[in-house]
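Remember, it's 1-based here, ligands and their atoms both numbered in the order they're listed. Only a predicted model underlies this, so the values are computations on that prediction, with no experimental measurement involved.
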Amino acid sequence: MAAEVILEVRDLVKHFPLTTGIVFKKQIGAIKAVDGVSFDLHKGETLGIVGESGCGKSTLAKVLMALERPTSGSVKIKGREIAHARGGELKAMRRNIQMVMQDPYTSLNPRMTVGDIIGEPYDIHTEVAPKGDRRKRVQELLELVGLNPDHINRYPHQFSGGQRQRIGIARGLALQPEIIVCDEPVSALDVSIQAQVINLLEKLQNELGLAYIFIAHDLSVVRHISDRVGVMYLGKMVELGKDVEIYDKPAHPYTQALLSAVPVPDPEGREQRERIILQGDPPSPANPPSGCRFRTRCWKAQEICAEQEPLLQIRPGTAHESACHFAETHDVVHVN
Ligand SMILES: Nc1ncnc2c1ncn2[C@@H]1O[C@H](COP(=O)(O)OP(=O)(O)OP(=O)(O)O)[C@@H](O)[C@H]1O
Ligand code: SF4
Ligand SMILES: [Mg+2]
């Protein structure tokens with residue numbers, strides 16, 4: 001892809017210490033929430049991230065936003081390292097990467113007006129909107145996300161779920177970032193409202209040239225909005241490629257299993273498709289299996305899978321990266 005790399009993530013690791021004892025805390029291990037993740041995000045593109053609960057998606061988002069410090073690895077925004085930035089430099093870089101949270105019901109302070117919620121980032125970044133300009137700016141943002149600018153003095157409870165998520169998006173846009181990390185932005189909304197919010201995100205991307213990291217459980221939502229998709233399993237990225245590649249020709253057994261579980265509306269398509277049922281739950285991220293982390297649930301596992309970690313790379317016969325010793329594309333039947 002010719003577009004500029006706006007976010008570069010290399011070997012990113014985030015371990016949370018696992019301690020015992022109340023007074024004298026002793027570290028007995030670590031939760032390997034994110035364990036060596038690398039990818040690029042290009043200007044104006046959407047990278048979808050999918051994976052089961054607990055695989056490290058939100059932790060990855062927090063480290064990218066510098067809300068959590070990484071254990072090791074690198075996150076560069078436009079070539080500058082955010083993970084080690086401090087003070088004024090960190091503040092300036094944070095302006096360029098903003099977040100839209102999952103739950104529009106709890107992420108907005110019920111005691112603040114929408115004007116104050118959306119304009120709050122200007123308290124820290126006074127250079128973006130001097131005091132006298134704030135109201136006008138917030139009204140413009142309300143209009144941009146499809147809300148009535150006259151409702152600036154209303155409180156969150158006076159809006160529906162979809163409208164509240166629009167408020168969350170307006171707040172994310174307040175500092176004119178180039179990157180927005182959306183962590184399950186529509187999971188808490190009704191299906192009919194989800195489509196409206198996704199359409200709004202796409203419209204804003206086209207108008208403002210935004211790059212999105214779009215995290216979700218729902219594979220069909222991710223497909224709709226993403227240019228590329230990354231699949232995470234137990235702190236690792238196991239497959240990464242263009243959306244058509246991942247959805248139509250997945251090469252990693254885990255992705256194949258995830259896709260086989262996506263409901264197919266048409267009975268004919270259902271018959272044509274093989275459903276792969278994964279056995280058991282993912283192992284604990286405090287004690288992941290040796291070699292390939294997916295091996296305890298993989299029907300293709302062999303001895304080498306326990307001994308050698310498969311790296312994320314383009315494998316023979318495939319056109320995108322996957323982390324499996326026996327990667328093999330598998331045509332998926334989609335019925336629209
Ligand atoms: N602050 C923390 N301290 C200790 N462990 C944590 C912390 N935050 C997350 N974890 C653990 O790290 C792992 C990854 O969690 P994370 O929230 O990133 O997963 P997720 O993929 O976002 O899950 P979900 O889909 O449920 O939102 C989990 O085992 C979680 O319990
Ligand atoms: S490396 Fe082995 S265990 Fe891992 S996904 Fe591939 S076949 Fe399965
Ligand atoms: Mg999460």
With 2.8 Å as the limit, count the protein N, O or S atoms near atom 6 (Fe) of ligand 2. 1
When you measure from atom 9 (C) of ligand 1 to the protein, is at least one non-hydrogen atom found at a distance under 4.0 Å? yes
Per-atom contact, atom 31 (O) of ligand 1, protein heavy atoms, under 4.0 angstrom: no
of all protein heavy atoms, closest to atom 6 (C) of ligand 1 is F16 CD1, 3.3 Å
At what distance is the nearest protein heavy atom to atom 16 (P) of ligand 1, and which residue and atom is it? T59 OG1, 3.6 Å
CA sep, side-chain torsions, deciding dist, call: R293, Y254, side-chain hydrogen bond (donor to acceptor under 3.5 Å, both in side chains): CA-CA 11 Å; R293 293 188 176 187; Y254 178 60; over 6 Å; no
Please answer whether the main-chain N or O of V75 pairs with a side-chain N or O of E81 as donor and acceptor at a distance below 3.5 Å. yes
At under 4.0 Å between heavy atoms, which part of P285 makes contact with ligand 1: side chain, backbone, both or neither? side chain
Check whether more than 12 heavy atoms from other residues, nucleotides or ligands sit under 6.0 Å from atom CD of E202, and answer yes or no. yes
Determine whether more than 12 heavy atoms belonging to other residues, nucleotides or ligands lie under 6.0 Å from atom CD of E207. yes
Would Q102 and S187 count as a side-chain hydrogen bond (donor to acceptor under 3.5 Å, both in side chains) if you check the C-alpha gap in whole Å, the side-chain angles of each, and the deciding distance to 0.1 Å? CA-CA 7 Å; Q102 170 171 4; S187 310; 4.5 Å; no
Checking the N or O distance criterion of under 3.5 Å, is ligand 1 in contact with K57? yes
Give a yes/no verdict on whether any heavy atom in K62 is under 4.0 Å from an atom of ligand 1. no
Below 4.0 Å from ligand 1: does a non-hydrogen atom of G56 turn up there or not? yes
Taking it one step at a time, do K78 and I6 satisfy side chain to side chain contact (heavy atoms under 4.5 Å, CB included)? CA-CA 5 Å; K78 294 184 139 182; I6 193 163; 4.0 Å; yes
